[in-house]
Amino acid sequence: MEEAGGGRGFSASEHQHCRHNPLRDEWVLVSAHRVRRPWRGQLEQPPAEDVPRWDPANPLCPGATRANGEVNPHYEGTFVFPNDFPALQPDSPAPGDSDHPLFQAAAARGVCKVMCFHPWSDLTLPLMSLAEIRAVIDAWAELAAELGASYPWVQVWASSFLPNEARLEERTQRQYRHRHGVPMLLEYAEQEARRKERLVVENEDWLVVVPYWATWPFQTLLLPRRHVLRLQDLRDSERDSLASIMQRLLIKYDNLFQVSFPYSMGWHGAPTGPHLQEDCGHWQLHAHYYPPLLRSATVRKFMVGYEMLAQAQRDLTPEQVSVEGTRHGDCPQDRPLAEHPPIWSLQAAERLRSLPEVHYKQRRRDGEGCGV
């Protein structure tokens with residue numbers, strides 16, 4: 001994207017501009033020229049590499065005792081249990097009527113679950129087998145169907161109301177289909193598949209892109225190619241291909257800075273409960289990945305003053321990023337950040353796309369070092 005709107009002399013990788021996020025109906029300030037500034041901010045400790053396989057102090061391990069005294073079963077696969085200290089409970093009383101429009105309250109009921117993907121503490125999703133990831137997907141879908149029979153919104157937590165993010169996406173997707181005649185994210189997936197500028201990985205059923213409106217440095221959006229409303233609507237073959245594309249994406253994330261890459265991820269699908277009988281054709285199932293790492297394993301992005309009080313801002317366009325790298329064969333986390341010369345100036349999606357799909361830990365075991 002060298003020019004936007006036909007602006008003469010404009011380069012998205014050089015000049016600040018705003019991009020519209022149609023899912024949230026808000027704008028993101030992109031200040032790509034700021035990537036040239038040296039980093040003198042806060043440095044984080046990379047995640048520990050020597051995590052024990054079974055840790056009696058970890059309350060999620062098989063056989064461990066949780067804070068409320070419950071003892072976990074010796075589970076061997078995916079394990080789901082009620083949250084011991086839930087933010088939502090199914091039988092909470094409703095608040096009374098408000099005496100002023102500025103002081104409104106509403107009932108909030110629901111169920112909170114916890115899901116452990118695997119019994120081993122040292123195994124994350126990218127290191128799990130495809131069969132094990134498929135079991136996680138099946139557990140997600142079963143939970144969505146079970147809780148979705150009663151609750152309008154399910155994300156392992158189920159609520160009696162549509163949360164803010166879901167309510168926003170309900171409105172924007174409905175408006176888009178009304179104006180354009182097609183579901184927003186179905187058309188978006190088709191556009192990104194054709195343009196390929198922000199495409200990270202794809203297969204016959206799914207694609208992952210760095211969204212045009214991304215706020216977080218390596219934010220991605222996982223989209224099905226066909227029109228799908230909810231996780232439980234996925235075909236058997238689509239669940240298999242979903243396991244594959246999730247593994248490929250997460251291996252690339254880990255390979256980027258050769259650490260277990262932190263991220264928040266969640267599925268958004270059409271509302272459930274009383275909405276199951278409604279026309280929700282404007283919805284398209286999708287998953288958001290929000291990773292906080294910015295330039296290296298030790299540098300994170302924080303939402304600060306302007307972003308909290310004005311609007312979201314990013315220094316890297318979704319297409320271009322200056323990655324703090326090293327010579328091939330070096331491990332970035334093994335040397336101070338000041339010694340990391342920026343040797344890449346690539347598109348964010350291209351950078352992720354170009355990374356190996358063999359995990360760096362596997363390459364270390366195979367004697368290939370940890371270079372990317």
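Note: hydrogens, waters and symmetry copies are ignored here, and every other heavy atom, side chains too, is used.
The environment of Trp157 atom CH2 is sparse: at most 12 non-hydrogen atoms of other residues, nucleotides or ligands sit within 6.0 angstrom.
With contacts defined as side-chain heavy-atom distances shorter than 4.5 Å, the pair Val182/Tyr176 qualifies. Considering only heavy atoms from C-beta on, Leu221 stays 4.5 Å or farther from Glu192 through its side chain. Leu207 has its side chain within reach of Arg225: a pair of non-hydrogen atoms, C-beta onward, lies under 4.5 Å apart. Put simply, the side chain of Tyr188 does not reach to within 4.5 Å of the side chain of Leu23, judged on heavy atoms. For the pair His268/Gln284, no side-chain contact is recorded, criterion being any heavy-atom separation below 4.5 Å from C-beta on. Counting heavy atoms from C-beta outward, Leu242 and Glu238 have side chains that stay 4.5 Å or more apart.
Between Phe261 and Tyr263, the ring center distance fails the sub-6.0 Å criterion.
Figure legend: cation-pi geometry between Arg19 and Trp213 absent, as NZ or CZ is not positioned both under 6.0 Å from the six-membered ring centre and within 45° of its axis. A cation-pi contact, defined as under 6.0 Å to the ring centre and within 45° of the axis, links Arg66 to Phe81.
Between Asn58 and Ser121, the side chains place a donor N or O and an acceptor N or O closer than 3.5 Å (distance only, hydrogens not considered). Looking only at atom types and distance, the side chain of Glu187 has no donor-acceptor partner in the side chain of His180 under 3.5 Å away. His288 and Glu165 form no side-chain donor-acceptor contact under 3.5 Å, judged by distance and modelled atom types alone. A side-chain donor-acceptor contact under 3.5 Å links Ser129 and Glu132.
Across all their heavy atoms, Ala144 and Gln232 have their closest contact at CB-OE1, 3.3 Å.
The side chain to side chain contact (heavy atoms under 4.5 Å, CB included) test with His282 is passed by exactly one of His178, Gln173, Met184: Gln173.
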Working for salt bridge (Lys or Arg N to Asp or Glu O under 4.0 Å), residues Asp279 and Arg177: CA-CA 12 Å; Asp279 176 15; Arg177 190 180 70 159; 2.9 Å; yes
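Comment: Arg134 engages Asp236 in a salt bridge, judged by a side-chain N to carboxylate O separation of less than 4.0 angstrom.
From Asp254, atom CG reaches atom CG of Leu249 across 10.0 Å, with rounding to the nearest 0.5 Å. Rounding to the nearest 0.5 Å places OG1 of Thr172 at 7.0 Å from CG of Asp25.
Under the 4.5 Å side-chain heavy-atom criterion for ILVMFWY residues, no single connected hydrophobic cluster contains both Val80 and Tyr75. Taking hydrophobic clusters as Ile, Leu, Val, Met, Phe, Trp and Tyr residues chained together by side-chain heavy-atom distances below 4.5 Å, Leu352 shares a cluster with Phe257.
Ring-plane geometry between His17 and Phe10 is classed as perpendicular, the angle between the planes exceeding 60 degrees on a 0 to 90 degree scale with a lower cut at 30.
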